[in-house]
Trainee: 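Questions regarding the structure given below will be posed in turn.
None of these values were measured; they are calculated from a predicted model. In listed order, ligands and their atoms are each counted from 1.
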Amino acid sequence: MSAITRHDEWGLVPLYYQLKRIIQEKIENEELKPGDRLPSEREIAEEYGISRMTVRQGITELVRLGLLYRKQGKGTFVAEPKIEQGMINLTSFTEDMTQRGLVPGARVIDARCVQATKKIAGFLKLGVDKRVIRIERLRLANGEPMALEISHIPYQVGPSLVDEELNSQSLYGLLEKRFGVRLASARQSVEPVLANEYEARLLGVEEGSPLLLIERITCTAAGEPVEYVKSVYRGDKYKFYVDLVRR
Ligand code: 16G
């Protein structure tokens, strides 16, 4: 059983950090399982002989990392493991969630035809017609917000997309089945950002929480760009991975 020591070799490991490690180890060893409630701050403070402030600091870090979550008036609980998303296959949100046994969903915030900015026109290699269908959706898994996604599709590719029901239908499904687009490849980037007030409110996280900004340009087999998407994924829910091979 781990304990908190005030005499670590260098005196450099803060008490909150030691507590954080103890809780993390308990989660890794499955002594604490998803959905389990942690003892109260007071109980933890008493158990380890540290202040409640220190306990709160350790717990807050684990909440930021997505290992724990707080429920107003109910306490602090162990979170489900993060969704691990591979970065090799070109899949849709609907496919990704369904494959995990989660119910995919969306809340359309805005869908309209707009003039592409120079940057987006460049990404989509637009010619004279610079119109794009801009679709902003909150993406849900089992009703819980996961990502905020803004897609841009050249107008010519799906002129009637704005009239489609995009709360329950898959965009990729529509592009492939209704508009006959064969999606073949994509370039995707991932970078860290902090949630602004708007994103935080929609995603149900605190302002300043870590998010993963993902940009994707999707092309047909002929190399024509048909989608530019900018999305922010909750950093406490998502982890992206790539399998590497040594050559
Ligand atoms: C994914 C894609 C997004 C695509 C969407 C279609 C990432 C980072 N992004 O969220 O580019 O537009 O799926 O989802 O994976 P849908 O077919 O379920 O509407």
Side-chain angles (χ1 to χ4, degrees), residues 66 82-114 116 119-120 123-125 132-193 195 199 202-203 205 210-221 223-243:
K82 288 188 186 184
I83 291 177
E84 296 199 8
Q85 179 75 49
M87 297 250 290
I88 296 282
N89 297 320
L90 176 55
T91 51
S92 72
F93 186 85
T94 302
E95 290 163 344
D96 292 337
M97 294 308 116
T98 312
Q99 200 218 335
R100 289 184 172 80
L102 301 171
V103 180
R107 215 178 87 204
V108 177
I109 291 163
D110 189 34
R112 65 175 78 188
C113 183
V114 297
K119 177 178 134 180
I120 295 175
F123 284 157
L124 292 172
K125 295 193 189 145
V132 287
I133 308 283
R134 180 186 183 281
I135 303 165
E136 182 165 354
R137 292 181 297 170
L138 187 63
R139 304 311 308 260
L140 315 166
N142 286 353
E144 195 183 1
M146 290 288 147
L148 181 63
E149 198 170 76
I150 306 175
S151 315
H152 303 82
I153 319 283
Y155 177 76
Q156 303 296 339
V157 171
S160 61
L161 263 176
V162 275
D163 304 320
E164 295 288 348
E165 210 289 283
L166 287 160
N167 285 316
S168 56
Q169 292 192 93
S170 154
L171 177 63
Y172 278 9
L174 281 169
L175 286 174
E176 290 179 330
K177 294 189 190 104
R178 178 86 40 95
F179 298 101
V181 179
R182 291 257 308 161
L183 302 169
S185 65
R187 163 164 282 203
Q188 182 166 298
S189 62
V190 185
E191 57 192 297
V193 288
E199 294 159 343
L202 286 171
L203 292 168
V205 297
L211 302 176
L212 295 158
L213 166 65
I214 303 199
E215 290 180 272
R216 181 187 281 191
I217 300 169
T218 315
C219 298
T220 62
E224 290 160 9
V226 282
E227 174 196 51
Y228 163 65
V229 183
K230 190 170 178 172
S231 17
V232 279
Y233 279 71
R234 282 176 60 168
D236 61 338
K237 293 278 177 196
Y238 261 86
K239 182 185 236 176
F240 288 85
Y241 73 87
V242 210
D243 292 314

Trainee: Which ligand 1 atoms, with their elements, are less than 4.0 angstrom from a heavy-atom of Thr94?
Mentor: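 Atoms satisfying the 4.0 Å criterion: 16 (P), 18 (O).
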Trainee: Shortest non-hydrogen contact from Arg234 to Leu203?
Mentor: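 Closest heavy-atom pair between Arg234 and Leu203: NH1-O, 3.2 Å.
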Trainee: Verify the neighbour count for atom CZ of Arg107: are there more than 12 heavy atoms of other residues, nucleotides or ligands below 6.0 Å?
Mentor: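 No, the 6.0 Å shell around CZ holds no more than 12 heavy atoms from other groups.
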Trainee: Taking Gln188 for the side chain and Val190 for the main chain, is one N or O donor matched with an acceptor at less than 3.5 Å?
Mentor: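 Absent.
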Trainee: With under 30° as parallel and over 60° as perpendicular, where do the rings of Phe93 and Tyr233 fit, or are they tilted in between?
Mentor: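 Judged by the thresholds at 30° and 60°, the geometry between Phe93 and Tyr233 is tilted.
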Trainee: Give the minimum heavy-atom separation between Glu149 and Ser231, together with the two atoms involved.
Mentor: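 Shortest heavy-atom separation between Glu149 and Ser231 comes out as CA-CB, 3.8 Å.
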Trainee: Quick test of your reading of the structure: of Met97, Glu149, Arg139, whose heavy atom lies closest to atom 3 (C) of ligand 1?
Mentor: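 When every heavy atom of Met97, Glu149, Arg139 is considered, Glu149 comes closest to atom 3 (C) of ligand 1.
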Trainee: Measure across Leu90 and Ala184 and return the closest heavy-atom pair with its distance rounded to 0.1 Å.
Mentor: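 Smallest interatomic distance, heavy atoms only, reads CD2-C, 3.7 Å.
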Trainee: Quick check on Gln188 - does any of its heavy atoms sit under 4.0 Å from an atom of ligand 1?
Mentor: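 It does; at least one heavy atom falls under 4.0 Å.
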Trainee: Which of the numbered atoms in ligand 1 are below 4.0 angstrom from a heavy atom of Ile214?
Mentor: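 With Ile214 as reference, the close atoms of ligand 1 come out as 8 (C).
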Trainee: Report the member of Phe93, Tyr172, Phe240 with the shortest heavy-atom distance to atom 13 (O) of ligand 1.
Mentor: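 It is Phe93 that holds the nearest heavy atom.
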Trainee: Looking at Arg182, I want to see if its CZ is surrounded by more than 12 non-hydrogen atoms of other residues, nucleotides or ligands under 6.0 Å.
Mentor: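 No, not enclosed.
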Trainee: Taking all atoms of both residues into account, what is the closest heavy-atom pair of Arg216 and Thr91, and its distance?
Mentor: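 Smallest interatomic distance, heavy atoms only, reads NH1-O, 3.1 Å.
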Trainee: Using a 4.0 Å heavy-atom threshold (strictly under), name the region of Val229 that reaches ligand 1: side chain, backbone, both or neither.
Mentor: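 For Val229, only side-chain atoms sit under 4.0 Å from ligand 1.
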Trainee: Is there a polar contact between ligand 1 and Thr218, counting only N or O atoms under 3.5 Å apart?
Mentor: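 For ligand 1, there is no N or O atom that lies under 3.5 Å from one belonging to Thr218.
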Trainee: If hydrogens are left out, which of His152, Glu227, Glu176, Arg216 has an atom nearest to atom 2 (C) of ligand 1, that is, the closest non-hydrogen atom?
Mentor: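 Ranked by closest heavy atom to atom 2 (C) of ligand 1, first place is Arg216.
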Trainee: Does an N or O anywhere in Gly173 fall below 3.5 Å from an N or O of ligand 1?
Mentor: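 By distance alone, the answer is no.
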Trainee: In the protein, what heavy atom is nearest to atom 17 (O) of ligand 1, and what distance, to one decimal place, separates them?
Mentor: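 Ranked first by proximity to atom 17 (O) of ligand 1 is Ser170 OG, 2.5 Å.
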Trainee: Check for a donor-acceptor pair, side chain of Gln169 on one end and backbone N or O of Glu165 on the other, with a separation under 3.5 Å.
Mentor: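 A pair under 3.5 Å: yes.
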Trainee: Is it the side chain (CB and beyond), the backbone, both or neither of Arg137 that lies under 4.0 Å from ligand 1, heavy atoms counted?
Mentor: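 Within the 4.0 Å criterion, Arg137 contacts ligand 1 through side-chain atoms alone.
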Trainee: Checking a contact table here: which protein heavy atom is nearest atom 19 (O) of ligand 1, and how many Å away?
Mentor: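 Its nearest protein heavy-atom neighbour is Leu171 N, 2.7 Å.
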Trainee: Consider every N or O of Gln169 and every N or O of ligand 1, then say whether any pair is closer than 3.5 Å.
Mentor: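 No; every N/O pair is 3.5 Å or more apart.
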